[in-house]
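Structure first, then comments.
Just so you know, ligand 1 is whichever comes first in the structure, and atom 1 is the first atom listed for that ligand.
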Amino acid sequence: MGYFITFEGIEGCGKTTQIKLLGEQLESLGYSVLITREPGGCPIADKIRSILLDADNRGMSSLTELLMYAAARAQHVSEVILPALKQGNVVLCDRFTDATIAYQSYGRGIDQETVNKLNLMACQSVFPDLTVLIDCEVTTGLERARRRIETNSGPREERFELEALDFHQRVRNGYLTIAQNEPQRFITVDGSGSREAISEIIAAQVLQNRLNNNIYATL
Ligand code: TMP
């Protein structure tokens, strides 16, 4: 089996940039790396993504939203993540199950037991070996995310960015609580530094503290 690392954080925390940088670093060390994301990562889940993030769908109920994230994940795990891990790859995934706990439970208020049950079902026994949480102030993250949406020529994926500030604050607090409850799985990094400084911290922690012990066997 390979090694599964997920990246989490609020909108605009910088995780997509950091995944790319960690991927390049691991590849330069000889690891086979697959970078993927949720919601999405394969054609069926990408179609679900476009429904989930479309700002025209603001009337979507919280339960519909939860079930669609679970459906997208079930497909992504079966089609992409599980096969890549079986081939011995390091899989870096931009968001995974913790996002559903942070957004749908802490953010939307769905009880955690329901979210956990669906996560378990969708994951098919695939769980992150390590999770990098990039923490940043809600106002800083949202400002960055809005700038990105304005300059992006693709579809406006902004249904969550349009949520009120207190929703994002609940999501951020949710992430911090999840990380505190599972310190052995989480690396929590302050996202307010330069991208180079953050990347160095993540790479050092992943390589020195965790990854070395677990995946040398797959090289
Ligand atoms: P992204 O902006 O990182 O691509 O993520 C898409 C949005 O989907 C983001 O606002 C967080 C949200 N999301 C959930 O609400 N629940 C989930 O389970 C996942 C994976 C993402």
Query raised in the report: With hydrogens left out, which residues have an atom under 4.0 Å from ligand 1, given that only heavy atoms count?
Result: Glu11, Lys15, Glu38, Pro39, Arg49, Leu53, Tyr69, Arg73, Arg95, Ala99, Thr100, Tyr103, Gln104, Phe160

Query raised in the report: Hey, any chance Met1 and Leu34 share a hydrophobic cluster, counting ILVMFWY side chains that come within less than 4.5 Å of each other, even indirectly?
Result: yes

Report task. Please identify each residue that fulfils side chain to side chain contact (heavy atoms under 4.5 Å, CB included) with Ile35, with sequence neighbours left out. Result -> Ile19, Val33, Leu92

**Report entry** Cluster companions of Leu120 among Ile, Leu, Val, Met, Phe, Trp, Tyr (side-chain spacing under 4.5 Å)
**Finding:** Phe127

Query raised in the report: Considering the options Thr131, Leu130, Val189, Ile202, which one meets the side-chain contact (heavy atoms from CB on, under 4.5 Å) requirement together with Phe7?
Result: Ile202

Requested in this report: Could you give me the CA-CA distance, side-chain angles and deciding distance for Phe4 and Phe96, then say whether ring pair (Phe, Tyr, Trp, His ring centres under 6.0 Å) is met?
Outcome: CA-CA 11 Å; Phe4 187 29; Phe96 198 61; 5.0 Å; yes

Requested in this report: Could you name each residue pair satisfying side chain to side chain donor-acceptor pair (under 3.5 Å) that touches residues 35-47, not counting sequence neighbours?
Outcome: Thr36-His76, Glu38-Arg73, Glu38-His76

